Each structure stands twice: as C-alpha cells, then as structure tokens.
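Below: one structure, written as structure tokens.
This is a predicted model, so every value here is computed, not measured. Here, residue 1 is the first one in the sequence, and each next residue gets the next number.
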Amino acid sequence: VSYGPSGYTFFRLNMIKSFFFNVLLILGSLAIFTLMLEGGVRLAQAFDLVPVLDKKSLSVLGSTSEEHSAKLVVSKNAVLALEYDVNDPQINRFGMRDRPYELSASQGVSRIVAMGDSVTFGLGVALENTYSKKLELALNREAPAGQSFQVMNFGVSGYSTDSELELFQLKARLFKPDVVVVGYAMNDPIHTSSLALAAAATIKKDNDFENLAKKSQLLAWAKMNWIKARSGLNAMSVYEPFYAIESERWTSVVESMKSFKLLAQDDGFHLVVVVFPVLYDFEDYPFEGYRQQVLQLLNELDIDYIDLLDPYSEFRADEFRVMPNDSWHPNEFGHKIAADKLQSYLEDAGLLVDKNETVK
C-alpha cells in the first residue's frame, strides 16, 4: 500500500493522536488507581488498621510535649552555645530541669550531680522518670534516719562533653557535690552548636513531612519508607570524623574527661561515667568500635564507669525507645535500668555512708 503526501501526513497525525491518547489513558488510569489507594489508606486508618502519619512519624527528637522538654536559648558562652531559659516553668534559676535548691546542703544531705545531654535531661519522659530522680527516690527510700540524698539534674539537650565540663565548672561545682555522674552518649564528641544546627534541619524536615501528610497519606508513607531506606545505618561514615584519634572533637572529649578527673581529685568528689548505648540492634551493635574507644579512654584515665550496653542487651533495642524512630533517648524503662545500676554501684563503692558520720 502506498500513500501520497497528504495520506502520509494524515497517517502520522493519527499515529501521534493515538500515542497521546494512550499516554493520557495510562496517566488517567494511574491517577484513578492512586486515588483508590489513597482512599483505601484513609479507610484503613478510619478503622485503626494502619496509623495516621504526621510529623511525629518521622521525628527523632523525642517527645514534643512541653512537660517533657524545655526551651533552649543561645548562650553568651561559646563553649555552652545553648542554655535553658530560666523563665521556662520546667527550669529552675540555675538552669536545671529540677526543683529549686540552695547552694549549701543541710546537715546529713549528700549531693549527687548528674551532668549530660538530652539523655540525662530526660527528653521525652517526665522528670520523675529520669534516672537522676529515680535514683534519688530509691536512695532516700533506703536512707537511714538523719540522712538524705539530692540527685541534681544538670542535663542539657545537645551538650557535648566539653559543654558539660564548662557547665559543671560554672554552676554545678558550686553545690559541692559528693558524687558526679557524667552521662555519656555516642554523639557527645559533636559540639553543641553543630547539634543545634542539625536539630533545626530535622525540625524543618519534620514540618515538611507533616505538610505532605496532610495532602496525601499515601505519598507520606512512600516518602517515609524511602527516607528510612536511603538513610540506612552507616554509623562509621557518619561518626568517624568525630572519633578520629587526632581529631579536634575527640581530643576535646579526652581533655574534658581529664579535667573532670582532676576536679574530682581537687574537690574530693567521686566521679563515675554512665555510657548510654545508641538504641540500635544490640546483637550487631554498629557503634561497638566507638564504645570500645570510650571505655578504653576511661580505663586509661582510671575513671569508674557503668556501661549500660550489657544490661540493655537483655532486651530489644526498640523496647527502650521513647518514640519509634528515636534511637537516642531511652524511655522510662531505660532510665530505671540506669538508676538501678547507679544505685548498685554507689552501694558497692561504699558511697552511701553518711558523710557526716564519724569514722571510728
């Protein structure tokens, strides 16, 4: 069959129309299928068969409840970078998430100061469920007549080890503690200011995800799983620069621990470090190399420590998470284990004897 010029042109136009019609048909079918899927997701959510996605579905920053967090403000002190707003109802006049204290302790009162980051602060859990307050309650329950304990929570979200040292020297040291607990988290080499920028970026990501979830639960589900698959756990590549032996940030951890040790000798308080694990698979713990590096440092400096990986490993990592996606902040269960281990340590070390008792 042969076509003249006009016939050939007509044939080509029909082919093009057919092509675009088929494309539109496919796109239309996909759109209808997508709407059906979206409707199916919404229907399943209406019957509580699948969860409704919102900003908390992707959040890794812990609870957004005001009673379980506190307002941070920029500090004039560059080492601290951030401080808690003393006008926040959760915060006392010394910048602690705690009740008011006098600088001088009463007769028979032993003081324990807990330094640390958001883990020690207790992001996502009520104050009374933090390890410092659980420890305080347990110690006072068993204390003999005339003796009591104050466990003071100086944890500040985002603090690095050098920021914790600075805060101890500026404020916590004024309370003349008998015991100082330093809560160590695996991101402690990262400076506070850097973590603050990362937190701001995470908040923006959570807000963007919430806006998407309001438009389409289906697209939000797809994005959430894509992000999780893309971000996968690669702890060595993420944290390697901060744990490099000669790096400025790891050196800051080493020097801060040395300073804590010297202050303990000068002031006469007992120093113990509590090493909190990251809440990932404990059987194939990806932070094991960094954990060993921290424990080796503490051994070299002859600093007592409590490694919580072993007691935590008796359970699944997700049983400790304050939120499903939060691998950093332990829930009440995790804080209780920390408090129990601290209590046992203090008892075994003979540190619960009344400091005002005369030794015969």
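Between Ile190 and Tyr239, the closest side-chain pair of non-hydrogen atoms falls below 4.5 Å. Side-chain contact between Val119 and Leu123: absent, with no pair of heavy atoms (C-beta onward) separated by less than 4.5 Å. Residues Val274 and Lys341 are not in side-chain contact: their nearest non-hydrogen atoms beyond the backbone lie 4.5 Å or more apart. For the pair Leu352/Phe149, a side-chain contact is recorded, criterion being any heavy-atom separation below 4.5 Å from C-beta on. Counting heavy atoms from C-beta outward, Asn92 and Tyr101 have side chains that approach closer than 4.5 Å. Within the 4.5 Å cutoff, the side chain of Ser75 has no heavy atoms near those of the Leu82 side chain. For the pair Val181 and Val113, the minimum side-chain heavy-atom distance is 4.5 Å or more. The side-chain heavy atoms of Leu346 and Leu135, taken from C-beta on, include a pair separated by under 4.5 Å.
Here the closest non-hydrogen pair linking Gly183 and Asp188 is O-OD2, 3.6 Å. The two residues Pro311 and Ile337 have their closest heavy-atom pair at CB-CG2, 4.0 Å. Here the shortest heavy-atom pairing between Ser110 and Gln147 reads OG-NE2, 4.0 Å.
Using cut-offs of 30° and 60° on the angle between ring planes, the pair Phe320 and Tyr312 is parallel. Ring pair Phe287/Tyr285 is tilted by interplanar angle, where 30° to 60° counts as tilted.
Pairs of residues two or more places apart, or lying in two chains, that qualify as salt bridge (charged side-chain N to carboxylate O under 4.0 Å, His left out) and include a residue from residues 277-299 are Glu288-Arg291, Arg291-Asp307. Within the structure, salt bridge (charged side-chain N to carboxylate O under 4.0 Å, His left out) pairs that include any residue of residues 150-161 do not occur (at least two apart or interchain). Legend: salt bridge (charged side-chain N to carboxylate O under 4.0 Å, His left out) pairs involving residues 155-168, not counting sequence neighbours, sorted by first then second residue: Asp162-Arg249. The stretch residues 73-82 participates, sequence neighbours left out, in no salt bridge (charged side-chain N to carboxylate O under 4.0 Å, His left out) pair at all.
With rounding to the nearest 0.5 angstrom, the CD1 atom of Ile112 is 8.0 Å from the CG atom of Leu342. Here the straight-line distance linking atom CG of Leu167 with atom CZ of Phe94 works out to 12.0 Å at 0.5 Å rounding. Atom CZ of Phe175 sits about 9.5 Å away from atom OG of Ser104, to the nearest 0.5 Å. Here CG of Leu308 is found 9.0 Å from OH of Tyr131. Values are rounded to the nearest 0.5 Å. The CE atom of Met323 sits 14.5 Å away from atom CG of Asp318, with the distance rounded to the nearest 0.5 Å. In this structure, OH in Tyr159 is found 11.0 Å from CG in Asp117, a value given to the nearest 0.5 Å.
Between Phe315 and Phe282, the distance from one ring center to the other does not fall under 6.0 angstrom. Between Phe121 and Tyr84, the distance from one ring center to the other falls under 6.0 angstrom. Tyr305 has its ring centre no less than 6.0 Å from the ring centre of Tyr184.
Listed for the Asp85 side chain is no donor-acceptor partner under 3.5 Å among the backbone atoms of Lys71. For Thr130 (side chain) and Leu127 (main-chain N/O), a donor-acceptor pair under 3.5 Å exists by modelled atom type. With hydrogens and angles disregarded, no donor-acceptor distance shorter than 3.5 Å links the side chain of Asn129 to the backbone of His335. Counting only distance, with no hydrogens or angles, the side chain of Ser106 and the backbone of Val109 share no donor-acceptor pair below 3.5 Å. Here the side chain of Asn140 pairs a donor or acceptor atom with the backbone of Glu136 at under 3.5 angstrom. One N or O on the side chain of Asn299 and one on the backbone of Leu295 form a donor-acceptor pair closer than 3.5 Å. A donor-acceptor contact shorter than 3.5 Å is absent between the side chain of Tyr243 and the backbone of Gln293.
One finds a salt bridge joining Asp98 and Lys133 here, because a Lys/Arg side-chain nitrogen approaches an Asp/Glu carboxylate oxygen to under 4.0 Å. Residues Lys134 and Glu332 are paired through a salt bridge, judged by an N-O separation under 4.0 Å between the basic side chain and the carboxylate.
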Legend entry - Working for side chain to side chain contact (heavy atoms under 4.5 Å, CB included), residues Asn331 and Arg321: CA-CA 6 Å; Asn331 54 22; Arg321 294 185 174 189; 5.7 Å; no
Legend entry - Pair Ile306-Val272, side chain to side chain contact (heavy atoms under 4.5 Å, CB included): steps then yes or no: CA-CA 7 Å; Ile306 299 171; Val272 58; 4.2 Å; yes
Legend entry - Full working for side-chain hydrogen bond (donor to acceptor under 3.5 Å, both in side chains) between Ser163 and Ser160: CA-CA 5 Å; Ser163 296; Ser160 50; 3.2 Å; yes
Legend entry - Phe154 and Phe168: CA distance, side-chain angles, deciding distance, ring-ring contact (aromatic ring centres under 6.0 Å, His included) verdict: CA-CA 8 Å; Phe154 273 94; Phe168 176 79; 8.2 Å; no
Inset, instruction - Could you give me the CA-CA distance, side-chain angles and deciding distance for Glu246 and Thr251, then say whether side chain to side chain contact (heavy atoms under 4.5 Å, CB included) is met? - result: CA-CA 7 Å; Glu246 301 299 328; Thr251 300; 5.7 Å; no
Inset, instruction - Apply side chain to side chain contact (heavy atoms under 4.5 Å, CB included) to the pair Leu279 and Trp328, showing each step before the final yes or no. - result: CA-CA 6 Å; Leu279 305 176; Trp328 290 102; over 6 Å; no
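For Glu248, the salt bridge (Lys or Arg N to Asp or Glu O under 4.0 Å) criterion is met by no residue, not counting sequence neighbours. Applying the side-chain hydrogen bond (donor to acceptor under 3.5 Å, both in side chains) rule to Tyr345 yields the partners His270, Asp304; only residues at least two apart in sequence or on another chain are considered. With sequence neighbours excluded, the residues forming a side-chain hydrogen bond (donor to acceptor under 3.5 Å, both in side chains) with Gln150 are Arg111, listed by chain and number. In this structure, the salt bridge (Lys or Arg N to Asp or Glu O under 4.0 Å) partners of Lys336, at least two apart in sequence or on a different chain, are Asp340. Under the side-chain hydrogen bond (donor to acceptor under 3.5 Å, both in side chains) criterion, Thr161 pairs with no residue at all, not counting sequence neighbours. Residues satisfying the salt bridge (Lys or Arg N to Asp or Glu O under 4.0 Å) test with Glu319, not counting sequence neighbours, are Arg316. Under the salt bridge (Lys or Arg N to Asp or Glu O under 4.0 Å) criterion, Lys171 pairs with Glu83, sequence neighbours left out.
Cluster annotation: Val156 is not connected to Val79 through the hydrophobic network of ILVMFWY side chains, with a link wherever side-chain heavy atoms come within less than 4.5 Å.
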Anything under 3.5 Å between a donor and an acceptor, one on a side chain of residues 261-269, the other on a protein residue two or more places apart or in another chain? List them.
from   : atom 1 : to     : atom 2 : distance (Å)
Lys261 : NZ     : Asp302 : O      : 2.8
Asp267 : OD1    : Arg173 : NH2    : 2.9
Asp267 : OD2    : Arg173 : NE     : 2.7

